[in-house]
Engineer: 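First the structure, then my questions, so here it is.
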Amino acid sequence: MADEQTTYEYGAVDHREILEERQRAWNRFVQFLTWSVAGIALTLILLAIFLV
(Lines give C-alpha, C1' and ligand atoms only; values in the text may rest on other atoms or scores of the structure.)
Protein backbone atom coordinates (compact mmCIF):
# COMPACT_ATOMS: atom_id res chain seq x y z
CA MET A 1 0.00 0.00 0.00
CA ALA A 2 2.89 2.35 0.61
CA ASP A 3 3.88 2.19 -3.06
CA GLU A 4 0.77 3.96 -4.32
CA GLN A 5 1.26 7.02 -6.47
CA THR A 6 0.16 10.18 -4.73
CA THR A 7 1.11 12.79 -7.33
CA TYR A 8 -0.28 13.22 -10.80
CA GLU A 9 1.10 15.08 -13.79
CA TYR A 10 -1.36 16.74 -16.13
CA GLY A 11 -0.54 17.75 -19.67
CA ALA A 12 -1.70 20.94 -21.30
CA VAL A 13 -5.18 20.69 -22.78
CA ASP A 14 -6.16 22.78 -25.77
CA HIS A 15 -9.80 23.80 -25.67
CA ARG A 16 -9.90 23.87 -29.50
CA GLU A 17 -9.02 20.17 -29.66
CA ILE A 18 -11.77 19.32 -27.19
CA LEU A 19 -14.29 21.38 -29.14
CA GLU A 20 -13.28 19.79 -32.45
CA GLU A 21 -13.54 16.31 -30.95
CA ARG A 22 -17.02 17.01 -29.59
CA GLN A 23 -18.14 18.48 -32.89
CA ARG A 24 -16.92 15.38 -34.76
CA ALA A 25 -18.76 13.16 -32.28
CA TRP A 26 -21.94 15.25 -32.65
CA ASN A 27 -21.71 15.07 -36.45
CA ARG A 28 -21.28 11.28 -36.34
CA PHE A 29 -24.26 11.01 -33.98
CA VAL A 30 -26.45 13.14 -36.25
CA GLN A 31 -25.40 11.11 -39.29
CA PHE A 32 -26.21 7.87 -37.46
CA LEU A 33 -29.56 9.26 -36.36
CA THR A 34 -30.41 10.40 -39.89
CA TRP A 35 -29.66 6.98 -41.37
CA SER A 36 -31.58 5.26 -38.57
CA VAL A 37 -34.68 7.39 -39.12
CA ALA A 38 -34.45 6.82 -42.89
CA GLY A 39 -34.16 3.06 -42.34
CA ILE A 40 -37.14 3.00 -40.00
CA ALA A 41 -39.20 5.07 -42.43
CA LEU A 42 -38.29 2.73 -45.29
CA THR A 43 -39.20 -0.29 -43.18
CA LEU A 44 -42.59 1.22 -42.30
CA ILE A 45 -43.28 2.07 -45.94
CA LEU A 46 -42.41 -1.45 -47.05
CA LEU A 47 -44.62 -2.91 -44.31
CA ALA A 48 -47.50 -0.70 -45.41
CA ILE A 49 -47.08 -1.80 -49.03
CA PHE A 50 -46.71 -5.54 -48.49
CA LEU A 51 -48.98 -6.09 -45.49
CA VAL A 52 -52.03 -4.16 -46.68
Side-chain angles (χ1 to χ4, degrees):
M1 284 293 214
D3 294 335
E4 290 184 27
Q5 183 179 2
T6 57
T7 60
Y8 299 96
E9 294 181 20
Y10 296 102
V13 177
D14 186 16
H15 67 279
R16 286 182 220 93
E17 290 178 12
I18 294 172
L19 182 60
E20 289 173 3
E21 180 183 344
R22 290 182 181 176
Q23 286 175 336
R24 280 192 305 271
W26 176 256
N27 290 336
R28 285 191 305 261
F29 171 72
V30 169
Q31 184 178 13
F32 168 75
L33 195 62
T34 302
W35 282 106
S36 297
V37 169
I40 291 169
L42 179 63
T43 302
L44 289 174
I45 291 169
L46 290 173
L47 284 170
I49 292 171
F50 292 111
L51 294 179
V52 175

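Note: hydrogens, waters and symmetry copies are ignored here, and every other heavy atom, side chains too, is used.
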Engineer: Give every residue pair that meets the side chain to side chain donor-acceptor pair (under 3.5 Å) criterion with at least one member in residues 26-52, sequence neighbours excluded.
Structural biologist: none
Engineer: Could you tell me the separation between the CZ atom of Arg24 and the CG atom of Leu19, rounded to the nearest 0.5 Å?
Structural biologist: 10.0 Å
Engineer: Is there a path from Ile49 to Leu42 through hydrophobic residues (I, L, V, M, F, W, Y) whose side chains come within less than 4.5 Å of each other?
Structural biologist: yes
Engineer: Go through the structure and list residues passing side chain to side chain donor-acceptor pair (under 3.5 Å) with Arg22, not counting sequence neighbours.
Structural biologist: none
Engineer: Applying a strict under-4.5 Å side-chain criterion to I, L, V, M, F, W and Y, I'd like to know whether Val37 and Leu44 cluster together.
Structural biologist: no
